[in-house]
Amino acid sequence: MTALTVLDTGPLATIQDLGREGFANLGVPRSGAADRGALRLANRLVGNPEDSAAIEITHGGLAVRVIGDAGVAVTGAAVSLAVDERPTGRNATVLLHDGQTLRVGAPRHGCRAYLSVRGGIVAEPVLGSLSTDTLSGLGPPPIARGDLLDVGTSSAPWPATQSAPAKEDTESTVVLAASPGPRADRLVDPDALFVGLWTVNPASNRVGVRLDRISGPPVEHRPGSAELASEGIAHGSIQVPPSGQPVLFGPDHPVTGGYPVVAVLTESAADRAGQLTPGTTVRLRRVD
């Protein structure tokens with residue numbers, strides 16, 4: 001038997017996989033990892049299927065003690081790692097032995113790190129997924145100090161490569177690629193979204209990243225447009241409310257609420273958006 005005893009969680013730690021697909025028509029978002037690429041990599045490094053459940057750690061601070069032996073990997077944000085106070089590397093497989101403690105420090109860059117354990121975290125699925133949806137409450141509750149997290153077993157071969165380059169998004173301005181969305185014609189000038197700079201508002205979370213204008217023209221709704229019915233949307237959709245301040249919808253997004261989706265981030269840009277921290281400067285780049 002392998003399990004993890006949670007000693008500390010930091011600001012927020014949740015169980016996430018690649019989410020629950022196929023329920024948008026019921027108003028149920030996909031949820032899942034905010035940085036899906038980082039989750040997939042963490043699972044590959046320990047020989048798990050890419051959609052296995054792992055721990056999403058927001059702003060570091062997680063500490064766990066292993067029961068039994070376990071192979072783990074931490075990817076995503078540029079966090080520091082220590083096993084029994086000895087530093088170790090991220091983006092690589094680390095073997096933990098019974099009673100050892102893994103601590104995840106605050107990130108130098110980025111927001112969310114992913115701790116994958118060989119065999120995957122085991123929990124009760126809801127609508128086919130183990131993901132915690134922080135908006136609707138679907139899935140397991142956020143991880144709390146004192147929790148015991150069960151780990152599955154695996155007979156899969158270990159990957160041939162057990163490390164990957166550890167990239168750090170240190171650019172002063174993060175450029176996010178997006179294509180025009182289904183309601184772009186609701187704006188006076190759809191291209192205004194892609195001109196100038198934005199900054200990440202502190203009121204950002206797994207539901208969405210809110211942007212405030214630094215420079216560039218206003219983003220305005222076209223006068224006299226008929227009211228829209230609420231619609232299901234995708235992770236990475238960019239909605240513009242009447243304030244003109246865009247919201248980049250994350251994995252726990254709601255339905256539109258009648259506001260237009262004027263653009264959609266590419267998959268890689270949606271992952272980068274999941275790593276944005278308050279005060280980061282952002283530029284949106286149009287792609288077709």
Side-chain angles (χ1 to χ4, degrees), residues 19 21-37 110-111 135 169 171-288:
E21 291 186 272
F23 300 99
N25 62 313
L26 302 177
V28 178
R30 178 169 176 166
S31 192
D35 183 345
R36 291 167 289 192
C111 176
L135 180 65
D169 206 344
E171 299 172 355
S172 58
T173 298
V174 176
V175 180
L176 301 178
S179 58
R183 306 297 183 186
D185 60 354
R186 292 288 177 129
L187 298 182
V188 172
D189 179 7
D191 289 331
L193 188 71
F194 303 101
V195 179
L197 298 175
W198 305 88
T199 186
V200 177
N201 188 292
S204 299
N205 50 33
R206 281 181 48 86
V207 176
V209 174
R210 300 178 183 275
L211 300 182
D212 296 329
R213 177 62 97 178
I214 296 177
S215 65
V219 179
E220 299 174 314
H221 286 196
R222 188 179 297 280
S225 298
E227 185 175 346
L228 291 167
S230 288
E231 301 173 306
I233 55 175
H235 181 177
S237 294
I238 302 177
Q239 184 184 71
V240 176
S243 66
Q245 305 301 99
V247 179
L248 315 180
F249 274 129
D252 294 349
H253 60 78
V255 294
T256 60
Y259 299 145
V261 171
V262 299
V264 181
L265 296 173
T266 64
E267 184 171 355
S268 60
D271 286 348
R272 294 186 77 187
Q275 295 291 358
L276 292 174
T277 54
T280 302
T281 301
V282 174
R283 181 168 68 84
L284 297 171
R285 177 172 63 86
R286 175 173 174 155
V287 296
D288 292 328

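The analysis underlying the following values was restricted to heavy atoms, covering all of them including side chains, and did not include hydrogens, waters or symmetry mates. What you are looking at is a predicted structure, and each value in this text was computed from that prediction instead of being measured.
Partner of W198 under the side chain to side chain contact (heavy atoms under 4.5 Å, CB included) criterion, out of V174, L211, D212, T173: L211 alone.
Screening residues 278-288 for salt bridge (Lys or Arg N to Asp or Glu O under 4.0 Å), with sequence neighbours left out, gives D191-R286, R286-D288.
The side-chain hydrogen bond (donor to acceptor under 3.5 Å, both in side chains) check on T277 picks up T280, with sequence neighbours excluded. Listed by chain and residue number, Q275 satisfy the side-chain hydrogen bond (donor to acceptor under 3.5 Å, both in side chains) test with D35 (two or more places apart in sequence, or in another chain). With sequence neighbours left out, Q239 forms a side-chain hydrogen bond (donor to acceptor under 3.5 Å, both in side chains) with no residue at all. When the side-chain hydrogen bond (donor to acceptor under 3.5 Å, both in side chains) test is applied to R36, no partner is found at least two apart in sequence or on another chain. For the side-chain contact (heavy atoms from CB on, under 4.5 Å) test, residues two or more places apart in sequence or in another chain that qualify with N205 are V207.
Across all non-hydrogen atoms, the minimal contact from P251 to A34 is CG-CA, 3.9 Å. Taking both residues in full, the closest heavy atoms of A192 and R213 are given as O-NH2, 3.0 Å, listed atom of the first, atom of the second, then distance. Taking all atoms of both residues into account, the shortest heavy-atom contact from A270 to G236 is CB-CA, 4.3 Å. The two residues V209 and S204 come nearest to each other via the heavy atoms CA-OG, 3.6 Å. The two atoms that bring P246 and G244 nearest to each other are CD-O, 3.4 Å, heavy atoms only. Residues A273 and L248 approach most closely at CB-CD1, 4.4 Å, considering heavy atoms.
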Item to complete: Please step through side-chain contact (heavy atoms from CB on, under 4.5 Å) for the pair R222 and R186, ending with a clear verdict.
Response: CA-CA 5 Å; R222 188 179 297 280; R186 292 288 177 129; 5.7 Å; no
Worksheet item: V188 and H221: side-chain contact (heavy atoms from CB on, under 4.5 Å), yes or no, with the steps?
Response: CA-CA 6 Å; V188 172; H221 286 196; over 6 Å; no
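Of the possible polar contacts, one joining the R206 side chain to the G32 backbone as a donor-acceptor pair under 3.5 Å is found. Between the H253 side chain and the L135 main chain, no donor and acceptor come within less than 3.5 Å of each other. Between the side chain of R210 and the main chain of A203, a donor-acceptor pair closer than 3.5 Å is present.
One distance of note links CG of L193 with CG of L284; it measures 5.0 Å at 0.5 Å rounding. Taking CG from L265 and CG from L176, the interatomic distance works out to 6.0 Å, rounded to the nearest 0.5 Å. A distance of 12.5 Å separates CG of N201 from CG of L276, quoted to the nearest 0.5 Å.
With a 6.0 Å radius and a threshold of 12 heavy atoms from other residues, nucleotides or ligands, Y259 has its OH atom at or below the threshold.
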